[in-house]
Amino acid sequence: MIIHLKTAFIKSKFVLSAILLIVTVYGFYPADVSAAGALQVNDNGKSIVVNTGAGLEYAINADNGDLTSAKLNGIKLTTSSGKGSHIKSGLGSSADVSWAMSSDGSSVIITTTEAEDDLTHYYISRSGENIIYMATYLGDGASFGEMRYIFRGNGAVLTNTSPNSNNGGSTGNVESQDVKGHANGYTTSKYYDNDQAMDLGIRGVTGDGVGVFMAYGNREKSSGGPFFRDIQFQSGGDTEIYNYMFSGHNQTESLRKGLHGPYAYIFTTGETPSTPDFSWMSELNLLGWEAERGKVVLNGLAGMNSSYSYTVGFSNSNAQYWMTTSAKGSAAKSNMIPGTYTMTVYKGELAVHEQNVNVLAGSTTALNTITIKNDPSSTSALWRIGDWDGTPLEFLNGQNISKFHPSDIRNQSWEPVHFEIDNAANEFPAIQFRGQNSLTTITFDMDATQSSFPHEFNIGITAASNGGRPSVTINGHELKNPPNSSQPKSRSFTIGTYRGNNATFNWTIPASYFVEGTNTISIKPISGNTDSGPWLSAGWAYDVVELLNE
């Protein structure tokens with residue numbers, strides 16, 4: 001026997017091609033035979049058990065590709081609940097599982113293929129390393145709503161977890177079955193305390209002398225851009241550690257096909273590890289591995305606001321990348337898949353410049369200094385609440401959106417707000433909920449000259465929920481209601497995100513609507529959709545509200 005398969009029948013030419021790629025690099029060993037060196041593999045027909053020789057031993061179900069057990073120095077780190085760790089929601093009985101070792105016995109690759117989903121998942125380990133390297137290939141036929149790897153950990157051992165995603169001791173559901181309440185008024189969920197994609201590096205959970213960490217990889221095949229957040233942890237029963245590559249959690253982009261990864265689970269005695277070197281995996285002939293790469297160098301940005309950091313993003317249907325600029329706006333991004341990208345310059349999280357950029361294999365695309373001309377903050381305003389940065393973070397409760405549910409006691413009260421234009425921005429609501437804190441009223445003074453001509457009025461948002469859009473009245477005069485903005489269909493703010501599609505609602509207010517002295521603007525959400533509750537109601541997250549000078 002040279003390879004273990006769940007069935008002797010190869011279900012499709014897709015599966016066969018995957019195996020042939022492995023054969024190109026790997027020599028096969030009979031089942032139940034230990035390879036030379038520290039790495040050992042035991043195939044008993046039900047499980048493929050790998051011992052890396054450094055303390056890590058794990059088992060892969062030979063029928064469906066689930067990771068059923070992982071031990072470090074004899075301590076079981078996977079759950080005892082019977083649930084496996086797996087890609088997607090598990091591949092089930094239609095999966096084919098095979099394994100092979102390198103000719104020198106220093107590494108092993110376990111390949112799980114699911115032809116119906118056009119998906120291939122890899123587990124890879126090297127001698128002397130307590131790491132399970134992974135990668136997941138999606139072929140052209142792949143189509144589903146979620147793509148993730150979930151590690152189901154032993155909650156009795158991995159006890160040092162993210163507090164905002166620890167549901168232990170909850171008193172019941174606050175929303176759906178995935179947001180929990182606690183007796184002290186706190187809320188927790190797997191949606192909370194998650195990093196933005198651009199900050200995903202190494203993060204994990206620990207216990208007494210153990211740790212399990214996720215190295216997230218370069219995210220080039222994931223979706224949502226640099227500021228997107230998705231589930232990373234959940235505890236309170238099993239301790240779950242996720243790598244989400246695609247979901248419908250306020251997602252603004254489509255699923256990308258090709259090879260997602262590599263990424264890795266790293267097992268330690270509690271210390272936070274460094275990001276592993278993935279470059280050696282280029283020799284494995286993984287499906288979809290793209291070796292030809294190019295580079296972009298940006299020489300600088302003119303017209304920057306020194307109060308903000310700037311990020312440059314690249315995206316097309318095949319890949320996404322980003323880079324943070326220097327104080328002068330220079331930056332470089334290497335290892336990019338060749339192609340034509342939309343390059344977007346973000347001030348904070350607000351797009352202020354966009355252009356196409358071509359990336360060529362083996363070449364560097366050099367960009368001369370770019371002058372930013374589309375920053376709306378540069379336009380003179382009679383008054384402006386907040387600033388154009390693509391976030392509601394400066395507003396009331398804005399800093400808490402990604403940390404806990406709006407109903408959490410740690411938030412300041414969500415009530416209708418009467419805002420005088422000289423008040424601090426943190427007194428203005430970060431989110432306008434139709435069912436909870438409407439109306440919002442704004443009062444401001446105008447002199448005879450200011451009230452004698454029309455003014456442009458803008459409301460900038462970062463996301464909207466349930467079709468929410470603003471209805472505006474000034475001094476009793478109703479302005480024309482705007483159309484909906486284009487937004488993902490999701491719970492948005494209650495699942496820890498204010499990011500959707502930035503949009504601006506715009507009106508020209510005639511001079512006849514203004515008065516000399518005190519003026520009042522009222523804002524409330526409208527929608528053609530029915531609300532499910534005060535928090536799951538039509539609304540939006542604010543970026544800016546402003547009245548321009550002319």
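Here the structure is a predicted model, which is why all the values come from computation and not from measurement.
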- Query: More than 12 foreign heavy atoms under 6.0 Å from CG of D140: is that the case here?
  - Reply: no
- Check whether any side-chain N or O of N130 sits under 3.5 Å from a backbone N or O of A54 as a donor-acceptor pair, and report yes or no. yes
- Task: Might you work through the salt bridge (Lys or Arg N to Asp or Glu O under 4.0 Å) test for D178 and R491, ending with a clear yes or no?
- Result: CA-CA 12 Å; D178 49 25; R491 283 180 280 168; 2.8 Å; yes
- CA sep, side-chain torsions, deciding dist, call: Q251, S223, side chain to side chain donor-acceptor pair (under 3.5 Å): CA-CA 7 Å; Q251 180 57 255; S223 301; 4.8 Å; no
- Task: Hey, could you give me the OG/CG distance between S189 and N167, rounded to the nearest 0.5 Å?
- Result: 6.5 Å
- Message: Taking K180's backbone N and O only, do any of them form a donor-acceptor pair with S170's side chain (distance below 3.5 Å, no angle check)?
- Response: no
- Query: Could you go step by step and tell me if D66 and T68 meet the side chain to side chain donor-acceptor pair (under 3.5 Å) rule?
  - Reply: CA-CA 6 Å; D66 285 3; T68 57; over 6 Å; no
- Nearest atoms (heavy-atom pairs only) where N466 meets S527: O-OG, 2.7 Å
- Query: How close do W289 and L259 get, heavy atom to heavy atom, and via which atoms?
  - Reply: CE3-CD2, 3.7 Å
- Heavy-atom check, side chain of V108 versus side chain of W99, under 4.5 Å: yes
- Query: When you look at CD of Q177, are more than 12 heavy atoms from neighbouring residues, nucleotides or ligands closer to it than 6.0 Å?
  - Reply: no
- Message: Quick check: do V296 and V359 have side-chain heavy atoms less than 4.5 Å from each other?
- Response: yes
- Item | Shortest non-hydrogen separation from T206 to G270 and the atoms involved | CG2-O, 3.6 Å
- With side-chain contact (heavy atoms from CB on, under 4.5 Å) as the test, would you mind laying out the steps for N316 and T340 before giving the verdict? CA-CA 7 Å; N316 60 24; T340 299; 5.7 Å; no
- Message: Tell me whether the count of non-hydrogen atoms from other residues, nucleotides or ligands lying under 6.0 Å of NZ in K257 goes above 12.
- Response: yes
- Item | Full working for side-chain contact (heavy atoms from CB on, under 4.5 Å) between V312 and K333 | CA-CA 10 Å; V312 180; K333 184 63 183 178; over 6 Å; no
- Heavy-atom side-chain proximity of I132 to S125 below 4.5 angstrom: yes
- Task: Determine, using ring centers only, whether Y346 and F227 are less than 6.0 Å apart.
- Result: yes
- Task: Without swapping roles, check the side chain of Y122 against the backbone of L287 for a donor-acceptor pair under 3.5 Å.
- Result: yes
- Query: Given Y265, which of Y123, Y216, F151 fulfils the ring-ring contact (aromatic ring centres under 6.0 Å, His included) condition?
  - Reply: F151
- Query: Backbone N or O of A156 within a donor-acceptor pair of the N154 side chain at under 3.5 Å?
  - Reply: yes
- Item | Residue pair N501 / P488: nearest heavy atoms and the distance that separates them | ND2-CD, 4.1 Å
- Query: Hey, is the main chain of R152 close enough, under 3.5 Å, to the side chain of S85 for a donor-acceptor pair?
  - Reply: yes
- Item | Min side-chain heavy-atom separation S485-R469 under 4.5 Å | no
- Message: Less than 6.0 angstrom from the centroid, inside 45 degrees of the normal: does K88 satisfy that with respect to the ring of F144?
- Response: yes
- Query: What are the two closest heavy atoms between G390 and L350, and how far apart are they?
  - Reply: N-CB, 3.6 Å
- side-chain contact (heavy atoms from CB on, under 4.5 Å) evaluation trace for L119 with Y137: CA-CA 6 Å; L119 179 152; Y137 174 78; over 6 Å; no
- Message: Quick check: do M198 and R219 have side-chain heavy atoms less than 4.5 Å from each other?
- Response: no
- Does any N or O in the side chain of D195 come within less than 3.5 Å of the main-chain N or O of L200, such that one atom is a donor and the other an acceptor? no
- Would a line drawn from the ring center of Y244 to the ring center of H249 be shorter than 6.0 Å? yes
- CA sep, side-chain torsions, deciding dist, call: S315, R256, side-chain contact (heavy atoms from CB on, under 4.5 Å): CA-CA 11 Å; S315 67; R256 287 185 169 94; 3.8 Å; yes
- For Y149, which of H260, H86, H121 qualifies under ring-ring contact (aromatic ring centres under 6.0 Å, His included)? H121
- Are there more than 12 heavy atoms of other residues, nucleotides or ligands under 6.0 Å from atom NZ of K295? no
- How about K221 and M147: do any of their side-chain heavy atoms sit closer than 4.5 Å? no
- Task: Examine the side chains of T462 and D543 and answer whether a donor and an acceptor come within less than 3.5 Å of each other.
- Result: no
- Query: Does R229 use its side chain to pair, donor to acceptor, with the backbone of T497 at less than 3.5 Å?
  - Reply: no
- Message: Hydrogens and angles aside, do S162 and Y192 bring a side-chain donor and acceptor to less than 3.5 Å of each other?
- Response: no
- Look only at the side chain of E57 and the backbone of V49, and say whether a donor-acceptor pair between them is shorter than 3.5 Å. no
- Pair Y133 and W280, ring centroids less than 6.0 Å apart: yes
- Does a donor on one side chain and an acceptor on the other come within less than 3.5 Å for E349 and Y498? yes
- Is it the case that more than 12 heavy atoms not belonging to E116 sit under 6.0 Å from its CD atom? no
- Query: Can you name the closest pair of heavy atoms from G468 and W540 and give their distance?
  - Reply: C-CE3, 4.1 Å
- Message: Test your reading of the model: is there a side-chain donor-acceptor pair from N194 to the backbone of K190, 3.5 Å cut-off?
- Response: yes
- Message: Please evaluate residues T188 and N166 with respect to the criterion side chain to side chain donor-acceptor pair (under 3.5 Å), reporting the C-alpha separation (whole Å), side-chain torsions for both, the decisive distance (0.1 Å), and the verdict.
- Response: CA-CA 6 Å; T188 58; N166 187 339; over 6 Å; no
- Message: Any heavy-atom pair between the side chains of T252 and F228 that's under 4.5 Å?
- Response: no
- Task: For the pair T171 (side chain) and G181 (backbone), establish whether a donor and an acceptor sit closer than 3.5 Å, ignoring hydrogens and angles.
- Result: yes
- Task: Answer yes or no: is there a side-chain heavy-atom contact under 4.5 Å between T112 and L91?
- Result: yes
- Task: Might you work through the salt bridge (Lys or Arg N to Asp or Glu O under 4.0 Å) test for R148 and E240, ending with a clear yes or no?
- Result: CA-CA 12 Å; R148 64 176 186 181; E240 298 171 349; over 6 Å; no
